[in-house]
Number of protein chains: 2
Amino acid sequence: MADETRPTRAPTAEDVARLAGVHRSAVSRTFTPGASVAPQTREKVLEAAATLGYRVNFLARSLSHQRSNLVGLVVSDIDNPFRAQLLAELGTSLVASGYRPLLLPTERGGKVARHIDMMLHYNVAGAIVTDDASPAEIARQCADHGVPLVLINKRPVSDTVLNVSMDTETAGELAAHALFDAGCRRVALASQRRSSHSIGLRRSAFWRACERLGIEIADEYFGDLPNYEGGRAAADAFLADTIDVDGVYCANDYLALGFIDTIRHLSALSIPGDLKLVACDDIPEAGWLAYDLTTVRQDPVRTADAAVNGLLARISEPDTTALPVVVDVHLVKRGSTALTPPKPRGQARPPL
Amino acid sequence: MADETRPTRAPTAEDVARLAGVHRSAVSRTFTPGASVAPQTREKVLEAAATLGYRVNFLARSLSHQRSNLVGLVVSDIDNPFRAQLLAELGTSLVASGYRPLLLPTERGGKVARHIDMMLHYNVAGAIVTDDASPAEIARQCADHGVPLVLINKRPVSDTVLNVSMDTETAGELAAHALFDAGCRRVALASQRRSSHSIGLRRSAFWRACERLGIEIADEYFGDLPNYEGGRAAADAFLADTIDVDGVYCANDYLALGFIDTIRHLSALSIPGDLKLVACDDIPEAGWLAYDLTTVRQDPVRTADAAVNGLLARISEPDTTALPVVVDVHLVKRGSTALTPPKPRGQARPPL
DNA sequence: TTGAAAGCGCTAACAT
DNA sequence: ATGTTAGCGCTTTCAA
């Protein structure tokens, strides 16, 4: 009768109670952290549970609690190594804190509305958003439903949602200084065409810093997206131009990789010989031999930690105003801004 | 009284029923795909639901159904671009199919047991595992609890769990042929030290193919992990050796990037001049100008689709035996195996 | 087609 | 400290 192939229904608290000779509530209490159970009752329950392979049904528990320990993780552009690292960190960190990440990947142009909908279906305890899409709506909806929300590197929407972002202002300054120290006085910018909050901030901060330092910004070049292809496109535009610059700031590393490759492989320019380069993020690739890119580091581990801790805080005290968290950045100096002996021709940018 | 700041409790089916002037079950039926509701009742319910912002509580629904539409996604090494792509695809594909991915990232050396535990707590509808850790235990446990399981590129464990894997045999052949066609007759292998099912298959298949073609395998070099650093370590070992080879097969692209960088930047050897290189996966980086790596493509989209479709099939018919799915591979020819004019010195591998 | 009622597995307030 | 009981929000037989 008891066929091994037919997996029997999962054991319930009732089953355990029966076997242990106690009441269901005793079982419940045994598995509830702050409950009072007699040590020996607890023992009996634990043993029975073990032999039966009992596990608390979190769905039922969440139903009682009116809130699950699921956390919505809205992410886009996982192909960007920084995002991938961040996602991994957020995931492990959440799991370590007893929460379960519900992964909600956003395709480009995908409806974020679907995701909030989803999360609300699941009574998520909170949500973390690092998507590039505009979070205004998602934030409002979450607020309406009392779902604590954390935005990473996004435009702040209200003082009820926590904003965790890198120190863009300092990042811009560090980048400008790095170029200045490398001798640059006339630079270009490379970024994405589609406007983005965080990229926008990086650009303007860099711009201001250059002004202060007396660095002239000659022009700006764009790719469609802030990725490798975007960097290549920006570099193509750059090379097609005839302006004379001695440095370039790329809005992020991922894009910088494409920029570098195009410059190195499809032009006669040398980095850092003819052109210094600085970017932002410090993805692992920036440290690779093929790139050796000076960049402003934004630590994904600390960012993720700040986001998760912040979320936990908001979950336990949802009614406090959320003070924005700014994650420090620092310059990682590499070969792309190395000082080089003056070129024989003595020209910053030789004709192609 | 009705303060906007205090988000009111989410509306329930009861609330909707009251507003629509019907019974709760009518509401339930309205939101149950195959139920029978009078068109106008349905209309009333839908309207009431809309004004109240009602959403079915999936936790409660799952409790009734005895199974949620959560799917465990056990992933490790998200830093590997192939894994990142796969994860993104799996996520979007699951969401598109009406399932919700529960992200369970495995740290290196992390206990997978924790994850199965978690999934069982949530009555997941199924699970997809692309983790590198041994899945034997996880598979057994899932089977015990009737949780459909799909393994991607892992060692098969039983005919109740579906195995989706790339065609390693063909991959080995394609790689060997690519090297052969590029003129290689004596090659080396680069992979990871820690044994891994999929890497192991790639190696042995390549080995056999070389034997058939009359390519001699001179030696094998290892890095600790199948990543960039692993590739660098393997290349270091390779360079420290004095064997004379004309080609190298890297067990995966990610590792190959490190291998290439070390060869290109820390040795006098040229690729493909002195050394042809072939790897496996076809991550985006392989096509970058800095690498231009000939590789055997394993399409993450098709792999993910196969896994998700397979999972759905097993969810609907859990008692059929799972026929392994093999995902086709093909060669992507790039510069690392380009034929080059004979070197002036006429020597395959010049001394450093 | 619709209302009534039982039950999914668990928690928590209450009573003992 | 433990048993009792009333829900949590939904689905689903069963009658009507």
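A, B, ... follow the sequence lines: proteins, then strands. Residue 1 opens every chain. Keep in mind that this is a model prediction, so the values were computed, not measured.
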Base, sugar-phosphate or nothing for A:S36? Non-hydrogen atoms, less than 4.0 Å.
base

Length of the CZ-C1' vector between B:R18 and C:dG3, whole Å
16 Å

The nucleotide from D:dT11, D:dC8, C:dT2 with an atom nearest the side chain of A:L63 is D:dC8

Just to confirm, is there a sub-4.0 Å distance from OP1 or OP2 of C:dG7 to any side-chain nitrogen or oxygen of B:Q66?
no

Comparing A:A26 with B:Y54, nearest DNA chain D nucleotide closer to 5' gives the residue A:A26

Write down the distance between CD (B:Q40) and C1' (C:dT2), rounded to a whole number of angstrom.
12 Å

Under 4.0 Å between a side-chain N or O of B:H23 and OP1 or OP2 of C:dT1?
no

Looking at A:S25, does any N or O in its side chain come under 4.0 Å of the phosphate oxygens OP1/OP2 on D:dG3?
no

Using a heavy-atom cut-off of under 4.0 Å over every strand shown, decide if B:S62 touches base, sugar-phosphate, or nothing.
nothing

N/O (side chain, A:R9) to phosphate O (OP1/OP2, C:dG9) under 4.0 Å
yes

For A:R55, report the nucleic acid contact type (base, sugar-phosphate, nothing); a contact means any heavy atom under 4.0 Å.
sugar-phosphate

Would you indicate what A:V56 reaches in the nucleic acid, counting non-hydrogen atoms under 4.0 angstrom: base, sugar-phosphate, or nothing?
sugar-phosphate

Looking only at side-chain N and O atoms, does B:S28 come under 4.0 Å of OP1 or OP2 in D:dG9?
no

Taking atom types as they are modelled, would you say the side chain of B:S64 forms a donor-acceptor pair with the base of C:dG7 within the 3.5 Å cutoff?
yes

Specify the separation, in whole Å, of atom CG of B:N57 and atom P of D:dG7.
18 Å

Here the distance between atom C1' of D:dC10 and atom CG of A:N123, to the nearest Å, is 12 Å

Among C:dA13, C:dG9, D:dA1, which is the nearest nucleotide to the side chain of A:R29?
C:dA13

When rounded to whole Å, the CD to P distance for the pair A:E14 and D:dT5 reads 13 Å

